[in-house]
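Have a look at the structure below before the remarks.
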Protein chains: 2
Amino acid sequence: MRLAIPEVVVLRLPEYLRALEQLAGEGVYLVSSQELGEKLQVTPAQIRKDLSYFGHFGKQGKGYDVKRLIGELRRILGLDRDWRLAVVGVGNLGRALLRYGGFSQQGFKIVAAFDTNPKVTGKKVGPVVVQDVAEMPKVVKSEGVHIGVVSVPASAAQEAVDRLVQAGVRAILNYAPATLRVPPSVYIRHVGPVSALESMTFYLKDVKG
Amino acid sequence: MRLAIPEVVVLRLPEYLRALEQLAGEGVYLVSSQELGEKLQVTPAQIRKDLSYFGHFGKQGKGYDVKRLIGELRRILGLDRDWRLAVVGVGNLGRALLRYGGFSQQGFKIVAAFDTNPKVTGKKVGPVVVQDVAEMPKVVKSEGVHIGVVSVPASAAQEAVDRLVQAGVRAILNYAPATLRVPPSVYIRHVGPVSALESMTFYLKDVKG
DNA sequence: GCGATTCTGTTAGCATTATCACAGGATTGT
DNA sequence: ACAATCCTGTGATAATGCTAACAGAATCGC
């Protein structure tokens, strides 16, 4: 029962969490699946079903305690602890990620950055000093890196993930526009500014303009 | 038949496209659904089924012509033309998007940037001069903006999308960690550096470390 | 206190998506 | 030319995910 939770459900949880955090910020203490569904454009039944995979968080006749549910979702998603990130590739995009402050709010902490270019290694960017990739195995271990963020050019992406995997990183977020191979034990996900746009245009293309 | 294409299918097409572009770069001219599936960790049947929604692109006994399929997918996704973007919010993240060069390769062109802060309006960032949001209705029309990119703080995000919608933008990419309301005719999607991490940690949390 | 109302958690039925398996066309080797 | 092999496109089937509907529990108004 507790096992085999559909991935789509897991993908919706952060959306619920965001909406709840917004409500909490507005001073809302209680919310029904109906109200939350309207805010998120999701059916109330879906919200209740999704949450039922993990426990009983609501009160009949009242709804959900917003703060409590935020706490539960954060726990379920593993956001009730710190996660240590390493950024590989300090180009335009890597630099932006390093300087972006929004990670810390959800417990993500950048603890290392790597590059091969001697023009950037040794320099401080955002919260860390950029190190040569040769240092990766040592630093990943000493800094306890959980997640690797790949922001190198597509042509260097496979080598970057190979090095990360070799160094012991089990989860990778890939910003490079490339299809990458990792062992089954490693969790990898592709993101990036362009990806979201590419499927969006499918729905736009028929409209005039 | 041609209508009612599942959204999951549309979301996979960019992945296929990326893999094919990589193959083309390696000098591969022909690929079977089997080979492509191995590269993408997807079953060959899924690839064939997905493509069959849009036409017959393969040759029995041979497979798919890589270049031809790239062209077809780009056409299907609406990537065979230019798309004009406007960035709203020139903070840390907005600045990075403006300076990021990777959009142009797939036909995305940033043609405007807006902010309310007089410290940044009037200054050139990346390819454009930042303008005050008051100019938005005029500029969206004159520059023919198709897609709005919201990179303001969460607290200002709803106002930013309202202004974009008001100005006539029908598609929005939201980087702000907020749940936003738009009319049904507007297509909006939430992305952002933290979102992908938030569901990733669900799968990581049980592992030691 | 009690009937009417509210709202959750869950089951059962429905709809959508993915996989299997094969017919049929194309290619290759001999 | 023909047999063996390869590979697509697609119906049939299995699996998955969604929605509607309701029992049961809490709340509210009077």
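Side chains are part of it too, since the values below use all heavy atoms of this structure and drop only hydrogens, waters and symmetry mates. Chain naming here is simple, since letters A, B, ... match the order of the sequence lines and numbering starts at 1 in each.
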If each of G61(A) and P6(A) is mapped to the nucleotide of DNA chain D with the nearest heavy atom, which maps nearer the 5' terminus, i.e. the 5' end?
P6(A)
To the nearest angstrom, how far is Y16(A) atom OH from dT8(C) atom C1'?
15 Å
Between P on dA18(C) and CD on E7(A), what's the gap in Å once rounded to a whole number?
12 Å
Could you state the atom-to-atom distance from CZ of R12(A) to P of dT16(D) in whole Å?
16 Å
Provide the closest heavy-atom pair for L97(B) versus F103(B) in the form atom of the first, atom of the second, distance.
O-CE1, 3.6 Å
Nucleotide dC7(D), atom P - distance to CG of L69(B) in whole Å
16 Å
Is any side-chain heavy atom of N174(A) closer than 4.5 Å to one of V161(A)?
no
Tell me whether the OP1 or OP2 atom of dG9(C) has a side-chain N or O from Y64(A) closer than 4.0 Å.
yes
May I have the distance from F57(A) (atom CZ) to dT10(C) (atom P), rounded to whole angstrom?
11 Å
Among dT10(C), dT17(C), dT19(C), find the nucleotide with the atom closest to the side chain of H56(A).
dT10(C)
If you only use heavy atoms from C-beta on, which nucleotide in dT19(C), dA26(D), dT8(D) is closest to the side chain of S33(B)?
dT8(D)
Distance check: side-chain N/O of Y53(B) vs OP1/OP2 of dA18(C), anything under 4.0 Å?
no
Looking at dA26(C), dT8(C), dT10(D), which one has an atom nearest to any side-chain atom of S32(A)?
dT8(C)
Expected output: side-chain K205(B) to main-chain I76(A) donor-acceptor under 3.5 Å
yes
Between dA20(D), dT8(D), dT10(D), which one does the side chain of K49(B) approach most closely?
dT10(D)
Flag if over 12 foreign heavy atoms under 6.0 Å of CD, Q105(A):
no
Selected nucleotide, minimal atom distance to R48(A) side chain, candidates dT19(C), dA21(D), dG9(D)
dA21(D)
Let me know the distance between CZ of F54(A) and P of dT8(C), rounded to the nearest Å.
18 Å
Of the listed nucleotides dC7(C), dT19(D), dC7(D), the one nearest the side chain of Q60(B)
dC7(D)
Should I70(B) and E21(B) count as side-chain neighbours, where that means a heavy-atom distance under 4.5 Å?
yes
How many Å lie between CD on Q34(A) and C1' on dT19(D), as a whole number?
14 Å
The answer to which of K62(A) and D50(B) contacts DNA chain C further toward the 5' end, by nearest nucleotide, is K62(A)
Would you mind reading off the distance between L51(A) atom CG and dC7(C) atom C1', rounded to a whole angstrom?
14 Å
